There are 2 protein chains.
Amino acid sequence: MIAQVRRFNRLVTQRVGALTDHFLARDRPLGESRVLWEIGTAGCDLRALRSRLDLDSGYLSRVLRSLEAADLVMVTPNAADKRVRTARLTAAGLAERALLDGRSDRLATSLLAPLDDGQRRRLITAMREAERLLTAALVKIAPLDPAHAHAQHCLRAYFAELDRRFAAGFDPTRSISAEAHELRPPAGLLLVASLRSEPVGCGALKFHHDEPTEIKRMWVDETARGLGLGRRLLAELEARAAANGARVVRLETNRALVEAISLYRSAGYAEVAAFNDEPYADHWFEKQLARGAPGPRATRGMKGVP
Amino acid sequence: MIAQVRRFNRLVTQRVGALTDHFLARDRPLGESRVLWEIGTAGCDLRALRSRLDLDSGYLSRVLRSLEAADLVMVTPNAADKRVRTARLTAAGLAERALLDGRSDRLATSLLAPLDDGQRRRLITAMREAERLLTAALVKIAPLDPAHAHAQHCLRAYFAELDRRFAAGFDPTRSISAEAHELRPPAGLLLVASLRSEPVGCGALKFHHDEPTEIKRMWVDETARGLGLGRRLLAELEARAAANGARVVRLETNRALVEAISLYRSAGYAEVAAFNDEPYADHWFEKQLARGAPGPRATRGMKGVP
DNA sequence: CGAATTCTCTGACTAGTATCAGAGAATGGA
DNA sequence: TCCATTCTCTGATACTAGTCAGAGAATTCG
């Protein structure tokens with residue numbers, strides 16, 4: 001298994017990586033091409049560029065000046081915050097970027113060229129699958145304060161989706177509360193899933209003294225579905241509930257959320273009688289957590305993985 | 001399709017490529033780590049190192065001296081040819097290489113770690129498929145003189161395989177001849193398929209004035225099977241036969257070569273009565289080539305691919 | 001044998017990719 | 001308002017990667 005991953009890594013980085021570098025670097029240094037590309041057609045703040053390409057500020061500054069000298073880029077102060085500067089492509093810069101785009105297309109085409117139609121289809125399918133799974137592996141799940149901007153984004157998106165999908169819409173004030181202070185230790189917990197430091201999902205716990213721990217706010221961004229993220233969030237929540245002493249977790253949900261319901265069932269949740277009077281709920285589920293419940297790491301990861 | 005390939009390329013080179021570099025480069029330059037790695041446990045001639053890593057001879061020499069100074073490598077003259085020098089890892093070098101090996105394993109493991117078992121299996125499957133197809137795309141087919149070392153390697157391997165697989169063994173002198181001069185223009189043609197400049201397959205044509213062109217010496221190395229290479233060789237041979245004016249190609253084969261027989265059938269070959277007295281043949285096939293037959297390139301490649 | 005070729009090494013040189021410290025302007029909070 | 005912080009830029013500096021020309025030894029070929 002490891003050997004297969006390594007063979008794949010070696011082949012792809014050699015075949016694709018090296019080619020990409022040579023394709024992208026025209027007569028200009030690779031670093032400049034990367035910056036030119038990353039600025040994009042809409043322009044980009046320098047700080048965003050720095051963090052995306054992981055560049056030193058002095059280095060980026062120099063690269064930009066070189067691109068300015070070639071008349072490919074304009075750097076203008078940001079109106080809102082005059083410390084910040086925004087890089088934009090000139091007409092020549094846009095043309096150059098389009099050219100890189102074309103090269104990248106040609107590189108991709110050259111990978112497919114020697115194959116027949118059936119092989120191409122199989123390769124595309126395999127690439128799509130590998131891409132999705134590698135993306136899934138990039139998602140990080142960590143506790144976050146409910147007041148954090150990313151947490152707020154998730155919760156707002158969650159409410160918006162409920163409002164869209166519930167037959168009668170969704171009004172948070174009518175629903176059972178899960179305010180910030182209730183999702184913050186020691187009262188509760190909020191987990192946020194991030195992909196490339198953008199929030200793409202969340203899930204929360206509300207701890208109770210004698211009653212089972214409640215699972216709330218399970219949500220996965222549409223762009224991140226099909227990656228098994230819901231299942232990972234759920235497992236992580238269960239593990240943390242268990243670590244907090246819970247023997248049972250429970251949750252309620254609406255009949256419109258069909259994929260969530262099937263997730264709960266397949267994750268070992270059993271439907272039970274209503275245990276609260278949540279007006280938006282149609283189904284109530286409960287799960288017994290295993291005794292000697294494993295910590296959060298043990299539910300994923302391979303043995304010996306650091 | 002192109003977009004999918006590009007997304008895949010971007011993700012994999014970023015996720016795998018960048019990580020590989022940082023994993024492999026310990027405190028030493030990446031170039032040195034690569035050389036250390038490539039020398040391998042068995043040692044390696046400098047010329048082989050140079051060609052495999054595509055390095056300038058001066059550059060490699062400097063890198064090796066730096067590794068020698070760190071006591072990781074010994075460079076000794078080759079006994080057989082004193083111009084050639086052989087690099088070998090010292091005990092410390094072997095330890096260092098084992099360390100890189102471990103890091104590479106850990107990198108591979110870290111890619112799998114966040115996934116559950118089912119996802120891992122799917123990822124491995126997708127990687128294997130992508131690897132095979134990308135490898136297939138690396139294979140180059142070109143005419144080669146029958147006396148060339150690579151051509152001889154293929155022909156010897158072909159005979160050895162026939163001898164192994166035919167019930168009564170195989171003696172080339174009893175078979176209809178296809179000597180070097182018969183497979184060299186204008187009498188004939190030999191195509192050799194190469195993967196990373198190693199020969200992995202061949203196929204030949206014998207042209208005749210009034211009779212159909214004969215296909216001979218179709219062989220694919222065991223390590224390169226399942227890549228669609230036989231089909232590509234066959235298509236290329238047909239295209240070149242057509243370019244030489246042939247309307248019909250034909251060939252004979254032995255009943256032991258089941259995969260070849262099924263290839264011929266699926267490629268549009270029809271079984272015909274024996275058209276020669278080849279003692280090792282059990283089946284004779286023939287195919288009408290399309291009129292206005294396309295040149296070799298048109299049978300593969302996508303429109304507009306350079 | 002002599003000439004051409006192969007292989008490696010050395011020295012000189014260049015471009016690219018950084019890193020670090022600090023300056024100067026702008027901002028935000030106490 | 002003052003102070004700490006943020007953002008960008010400049011200069012100094014270092015190292016890696018890679019190229020080129022040529023020398024010297026060994027080998028091969030005619």
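In this text, all values refer to a predicted model and were calculated from it rather than measured experimentally.
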Here the residues of residues 49-66 of chain B within 4.0 Å heavy-atom distance, strictly under, of DNA chain C are B:Arg50, B:Ser57, B:Gly58, B:Ser61, B:Arg62, B:Arg65
Short N-O contact, [X] and [Y], less than 4.0 angstrom:
{"X": "B:Arg34", "Y": "B:Glu38", "value": "no"}
{"X": "A:Asp145", "Y": "A:Arg184", "value": "yes"}
{"X": "B:Glu182", "Y": "B:Lys216", "value": "no"}
{"X": "A:Asp45", "Y": "A:Arg47", "value": "no"}
{"X": "B:Arg6", "Y": "A:Asp101", "value": "yes"}

Interatomic distance where [atom1] belongs to [X] and [atom2] belongs to [N] [whole Å]:
{"X": "A:Glu32", "N": "C:dT17", "atom1": "CD", "atom2": "P", "answer": "8 Å"}
{"X": "B:Leu67", "N": "C:dC9", "atom1": "CG", "atom2": "P", "answer": "13 Å"}
{"X": "A:Leu46", "N": "D:dC7", "atom1": "CG", "atom2": "C1'", "answer": "9 Å"}
{"X": "A:Arg47", "N": "C:dA26", "atom1": "CZ", "atom2": "P", "answer": "18 Å"}
{"X": "B:Arg85", "N": "D:dG24", "atom1": "CZ", "atom2": "P", "answer": "17 Å"}

Donor-acceptor contact present, side-chain [X] to main-chain [Y], <3.5 Å:
{"X": "A:Arg97", "Y": "A:Trp37", "result": "yes"}
{"X": "A:Glu68", "Y": "A:Val75", "result": "yes"}
{"X": "A:Thr90", "Y": "A:Asp71", "result": "yes"}

From the list B:Thr223, B:Asp221, B:Thr135, side chain to side chain contact (heavy atoms under 4.5 Å, CB included) with B:Leu195 holds only for B:Thr135
Assign each of A:Arg28 and B:Val84 the nucleotide of DNA chain C bearing its closest heavy atom; nearer the 5' end lies the nucleotide of B:Val84
Protein heavy-atom contacts under 4.0 Å, written 5' to 3' over nucleotides 25-30 of chain D as B (base), S (sugar-phosphate only) or - (none), form the string -BS---
The bend of the helix from C:dC1-D:dG30 to C:dA30-D:dT1, taken between the axes of its five terminal pairs at each end and rounded to 10°, is 20°
* Evaluate the side-chain proximity of B:Val220 to B:Val200: yes if any heavy-atom separation is below 4.5 Å, no if none is. => no
CE (B:Met127) and CG (A:Leu133) are apart, to the nearest 0.5 Å, by 9.0 Å
